[in-house]
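This structure is a prediction, so every number in the text was calculated from the model and none was measured. Residue numbers start at 1 and run along the sequence shown. Note that ligands are numbered from 1 as they come in the structure, with each ligand's atoms numbered from 1 the same way.
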Amino acid sequence: MASHIFTNEENNERLEYTLRVKEKNEAAKLLGARRNACVVTYGCQQNEADSERIAGMLEEMGYTLVKSEADADIIIVNTCAVRDHAEKRALSITGGYKHFKEKNRDLIIGIGGCMVSKSDMSEKIKHSYPYVDFVFGTEKIFDLPKIICGVMEKGKRMFVSNTGDATVPEGLPVHRESGYKAWVSIMYGCNNFCTYCIVPYVRGRERSRRPEEIVREVRELVADGYKEITLLGQNVNSYGKDLDEKCDFATLLRRISAVEGDYIIRFMSSHPKDASKELIDVMAEEKHIAKQFHLPLQSGSDTLLRAMNRRYDMAQYLSLIDYMRQKMPNIAISTDIIVGFPGETEADFEQTLDAVKKVGYDMLFTFIYSKRTGTPAAVMENQIDEKTKGERLSRLLKVQESIAEAKNREYIGKTVRVLCEGASKTNSEKLTGRTEGNKIVLFDGDASLEGKFINVKISDAAAFALYGDVE
Ligand code: 5AD
Ligand code: SF4
């Protein structure tokens, strides 16, 4: 099915509601009221990107963005459902908002994102969190002005679920957190149904933005001085399959790279079953594309990969890695690994350890399997006990730590280009930044370097960071 790209009428309707909310807010401000908004984000980069759109729309409605919920007159929580832990945190933080509502009776509270896109959770909020004014699904972000207007005018709670109509919003305002790093969503949804994953159930089917819209956004970002642009999608390698015009991800990358300027492009995530040689060729050829690849493996056991419905085996995965390294010998490779998937035997887990050693990843994102109701894996037999999961995770982290340290030590004595991100959060005396391979570098320097590319000569390295001096 072709995606439904936002029409002018839909944008006009959104703007009408935006103005209606804005008028009310301006009138309240004239009477001395405050109109502050706070967006709280959980989960992945896609959620961060969505929150920047939510914040953009709130600004358009006359709100001033603030960092603390305590100062807000509207709070929007953008939730995640990938793991149980993220859901528990979102629910507990929402529980705490009851007190804010008692203090500020004008306060509006809304919850969106993946967690409430599951019908059971939406119901739970309806019944157990009566002070939450509205809930909206991941596909309904663009309806926010209409929803907020409804809550204000009718004084009623609103529950707006996903309807699976595969809309691709265009033209929404964006309030970007950074002046030099930007997210650009290129597609929404996922069609893969890995058996552990809730995402396809809460974000709907894959739908791509049109290439000209994406190139236009990148061109504007580069003109505005953005230095690092990360293209986002649950599986960027299926980009374009739903478009009428022929444009796959490799072609999109070529078109984006034709934009002139001083910037780098990153992308995530890639599914190994769809990563093409052509994509790797484009990366090798185009100077703007960072030589960094995040290729989620999930498990090193073919048996588990089948049970996870990943649709590749270790041999195929390793041949992709070989091709990448042949074309780009210094490429930095990272991955996602799940430990404790149902039925994971000690032998399966050892195959994961072997795979991690064989590939030699620069970075690992590790996850303990979390049962997600509604997914096939949740009802599989042989669920692994928490203790075994924890032990396996520690063993995996230990193996990876020495690999990462050895990889990072190879940089000692070399000069790398780094995008400076300002003061380090872990060591306030140092500046921090990231290499093209997405490695963290700590160095001395002036705060004015933030947002600039600089050359740093690496003098020391640990498993999770490089240390150096500005050249
Ligand atoms: N349990 C643990 N990890 C999960 N992921 C997705 N679903 C689950 C789950 N149920 C991990 C995968 C994915 C990453 C974004 O989150 O490794 O690549
Ligand atoms: Fe989840 Fe698999 Fe889709 Fe990634 S590709 S979002 S892991 S179903």
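The side chain of Arg83, and not its backbone, has at least one atom closer than 4.0 Å to an atom of ligand 1 (non-hydrogen atoms only; side chain from C-beta on). Contacts between Ile338 and ligand 1, counted as non-hydrogen atom pairs separated by less than 4.0 Å, involve the side chain only. Contact annotation for Tyr196 and ligand 1: heavy atoms of both the backbone and the side chain come within less than 4.0 Å of the ligand. The proximity of Ile337 to ligand 1, defined as any non-hydrogen pair under 4.0 Å, does not occur for either the backbone or the side chain.
Each of the following atoms of ligand 2 lies closer than 4.0 Å to a heavy atom of Arg310: 2 (Fe).
Of the protein's heavy atoms, Asp336 OD2, 2.6 Å lies nearest to atom 18 (O) of ligand 1. Atom 1 (N) of ligand 1 has Ser370 N, 2.9 Å as its closest protein atom, hydrogens excluded (heavy atom only). Counting protein heavy atoms only, atom 2 (C) of ligand 1 is closest to Ile368 O, 3.3 Å. What sits closest to atom 12 (C) of ligand 1 on the protein, heavy atoms only, is Gln298 OE1, 3.5 Å.
Here the shortest heavy-atom pairing between Gly360 and Ile403 reads CA-CG2, 3.9 Å. Between Gly240 and Ser208 the shortest heavy-atom distance is N-OG, 3.0 Å.
For atom 1 (Fe) of ligand 2, the nearby protein N/O/S atoms, meaning those under 2.8 Å, are Cys197 SG.
The closest side-chain heavy-atom distance from Arg395 to Glu350 is below 4.5 Å. Using a 4.5 Å cut-off on side-chain heavy atoms (C-beta onward), Ile280 and Gln326 make no contact.
Listed for the Lys227 side chain is no donor-acceptor partner under 3.5 Å among the backbone atoms of Cys420. Within the 3.5 Å criterion, the main-chain N or O of Tyr226 finds no donor-acceptor partner in the side chain of Asp224.
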ask   = Between Phe267 and His294, does a ring-ring contact (aromatic ring centres under 6.0 Å, His included) hold up when you go through it step by step?
value = CA-CA 8 Å; Phe267 56 86; His294 182 67; 9.9 Å; no
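With rounding to the nearest 0.5 angstrom, the CG atom of Asn162 is 13.0 Å from the NZ atom of Lys118.
Aromatic ring centroids of Phe193 and Tyr201 lie under 6.0 Å apart.
Phe159 carries Lys126 over the face of its six-membered ring, with the cationic atom under 6.0 Å from the centre and within 45° of the normal.
The only option from Ser334, Ser270, Ser269 that meets the side-chain contact (heavy atoms from CB on, under 4.5 Å) definition with Leu295 turns out to be Ser270.
Note: no N/O pair closer than 3.5 Å links Arg372 and ligand 1 by distance alone.
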